[in-house]
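Numbers here are sequence positions counted from 1. These figures come from a predicted structure and were not determined experimentally.
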Amino acid sequence: MSGVSTTSVGDHELDQAGQGGSSALTQSVSLSSIQAMGIKTALPAAEVGLYSLVLSGALAYAGRGLLEASQDGAHRKAFRESVRPGWEYIGRKMDVADFEWVMWFTSFRNVIVFALSGHVLFAKLCTMVAPQLRSWMYAVYGALAVVGTMGPWYLLLLLGHCVGLYMVSLLGQPWLCLGLGLASLASFKLDPLISWQSGFVTGTFDLQEVLFHGGSGFTVLRCTSFALESCAHPDRRYSLADLLKYNFYLPFFFFGPIMTFDRFHAQVSQVEPVRREGELWRIRAQAGLSVVAIVAVDIFFHFFYILTIPSDLKFANRLPDSALAGLAYSNLVYDWVKAAVLFGVVNTVARLDHLDPPQPPKCITALYVFAETHFDRGINDWLCKYVYDHIGGEHSSVIPELGATVATFAITTLWLGPCDIVYLWSCLNCFGLNFELWVQKLAEWGPLAHIEASLSEQMSRRVRAIFGAMNFWAIIMYNLVSLNSREFTELVAQRLLLRGFPQTTLAVLFVTYCGVQLVKERERTLALEEEQKQDKEKPE
């Protein structure tokens with residue numbers, strides 16, 4: 001994943017893992033700070049209803065504009081490569097601009113289903129016959145799948161990296177383990193080493209580059225986690241076999257998510273795992289949701305060409321302001337759906353194996369602070385545990401926080417593959433994270449704190465929602481750079497902020513404000529439910 005373009009594997013890593021760096025700040029949000037933001041403050045029901053009405057109407061209006069634009073542009077010469085025949089019986093073409101999505105659910109669909117079904121079957125048989133050997137079965141099956149897909153030389157290449165990091169872990173020096181891990185990661189991101197190592201793959205096929213970089217990158221992160229955990233717990237004496245069983249677990253191998261070694265080892269080492277009550281029902285529900293999401297995306301792409309339109313800037317510039325704003329927003333929503341489907345399928349298999357994998361990403365619609373922005377909770381956990389928390393400490397001081405975020409995004413940049421667009425994305429999101437902390441510190445400053453204290457709780461929630469609306473669009477613009485292109489991002493910014501000022505700018509911010517208020521209302525409901533649950537669990 002050495003580059004970022006609309007057809008390169010770099011897009012995959014930005015989609016799946018890039019936001020891990022942004023989300024590293026998530027753990028710094030304490031319960032007290034959340035309560036201080038008035039999360040339990042209720043607004044009048046009529047006001048919340050008005051917000052729902054405004055948001056629904058705005059989304060419908062923007063959607064209508066996108067639908068008309070998709071119909072008008074279906075036969076444009078510039079769309080021929082990425083808008084292909086779809087439902088011909090009703091005259092609908094399909095947006096196929098996302099190479100990976102199309103490959104996953106067309107030519108490689110049967111291979112993916114076969115590989116994961118085989119894993120589930122053999123895991124079930126092993127759990128019934130010899131449960132103490134199930135971790136070995138996972139590793140052997142995963143290694144055979146890698147050999148069958150990428151060839152034996154690729155397996156030997158990864159084994160070399162595994163053995164190297166295992167040997168360094170025996171020295172018990174965390175800084176050396178992290179340094180070698182980053183060096184190994186760099187070898188898969190920078191020429192000439194990347195070109196040399198890619199030659200170890202046998203054969204050529206459409207998803208070869210995606211699988212090569214995915215398997216290699218995640219292998220390095222897993223091996224680094226193993227090495228750092230070995231240094232942190234020298235008394236546990238982890239073996240090379242433990243590392244191989246951890247790394248070659250097939251559902252996580254190519255696309256993640258990352259589970260840190262300590263969590264994976266503790267869960268997979270249970271000889272007789274027991275399911276919680278209702279767990280199978282939740283697994284079925286997750287599988288069903290993944291299928292529904294896949295079908296919904298397929299239907300959506302037959303009516304809305306949201307991935308193709310941004311590639312034609314002349315056509316995109318003719319869109320109404322509302323449709324253009326909806327186009328930018330829908331690109332991030334699709335990226336979230338894509339990550340949610342991928343991790344939903346993988347997590348379903350992992351939960352059948354009695355593991356507790358990282359949860360799917362939080363919906364982009366519910367994100368209005370950089371501190372919670374992420375598409376991969378596994379990468380987030382990895383960065384927090386080994387980089388961000390280690391440097392940032394309590395995350396309450398500006399300078400240590402700046403150092404922690406810079407280090408986090410430096411590693412994230414290496415993970416994504418250094419190039420101009422990744423540098424820009426990293427700088428923007430690093431600034432966004434730190435700017436949030438600076439604003440928070442400013443809000444705690446005496447005069448401003450007194451002003452907010454003089455407001456009612458409801459008015460304080462409204463004021464914070466205004467800032468949340470502006471932050472929401474900063475998140476969209478900063479990440480649109482990587483998901484589409486710098487030119488399209490500039491077009492959106494110019495139309496919504498400059499040429500559309502003040503009417504379009506204020507209208508978009510008001511609609512976004514309504515959405516933020518609805519998100520806050522949902523957060524309030526969940527907080528009250530959690531409080532009631534805790535009250536019930538307290539002893540009499």
* Greater than 12 external heavy atoms within 6.0 Å of Phe105's CZ -> yes
* To do: Examine Phe264 together with Tyr249 and report whether their ring centres are nearer than 6.0 Å.
  => yes
* Is the gap between the ring centers of Phe300 and Tyr334 under 6.0 Å? -> no
* For atom NE2 of His233, is the number of surrounding heavy atoms from other residues, nucleotides or ligands below 6.0 Å larger than 12? -> yes
* **Arg284/Glu279 ion pair, N-O < 4.0 Å** => no
* Ring centres under 6.0 angstrom apart (Tyr238, His265) -> yes
* Row check, Trp104 ring normal vs Lys338 NZ/CZ: under 6.0 Å, within 45° -> yes
* Asked: Is Trp438 atom CH2 crowded by more than 12 heavy atoms from other residues, nucleotides or ligands, each under 6.0 Å away?
  -> yes
* Is the centre of the Phe200 ring less than 6.0 Å from the centre of the Tyr154 ring? -> no
* Asked: Do Asp356 and Gln267 meet the criterion of a side-chain donor-acceptor pair at a distance under 3.5 Å?
  -> no
* To do: If the plane angle is over 60° it's perpendicular, under 30° parallel, otherwise tilted; pick one for Tyr305 and Phe79.
  => perpendicular
* Asked: Does one side chain, of Thr260 or Ser225, offer a donor that lies under 3.5 Å from an acceptor on the other?
  -> no
* Trp473-Tyr329 aromatic ring centre distance below 6.0 Å -> no
* Looking at side-chain heavy atoms only, is the closest gap between Phe343 and Gln359 below 4.5 Å? -> no
* Structure fact -> Residues at least two apart in sequence or cross-chain that pass side-chain hydrogen bond (donor to acceptor under 3.5 Å, both in side chains) with Trp281, listed by chain then number, are none
* Is the gap between the ring centers of Trp382 and Tyr388 under 6.0 Å? -> no
* Asked: Under 6.0 Å between the ring centres of Tyr166 and His161?
  -> no
* Asp242/Arg236 ion pair, N-O < 4.0 Å -> no
* Asked: If you measure only the distance, is there a donor-acceptor pair under 3.5 Å linking the side chains of Tyr386 and Glu229?
  -> yes
* Asked: Would you say the side-chain atoms of His302 and Asp95 include a donor-acceptor pair closer than 3.5 Å?
  -> no
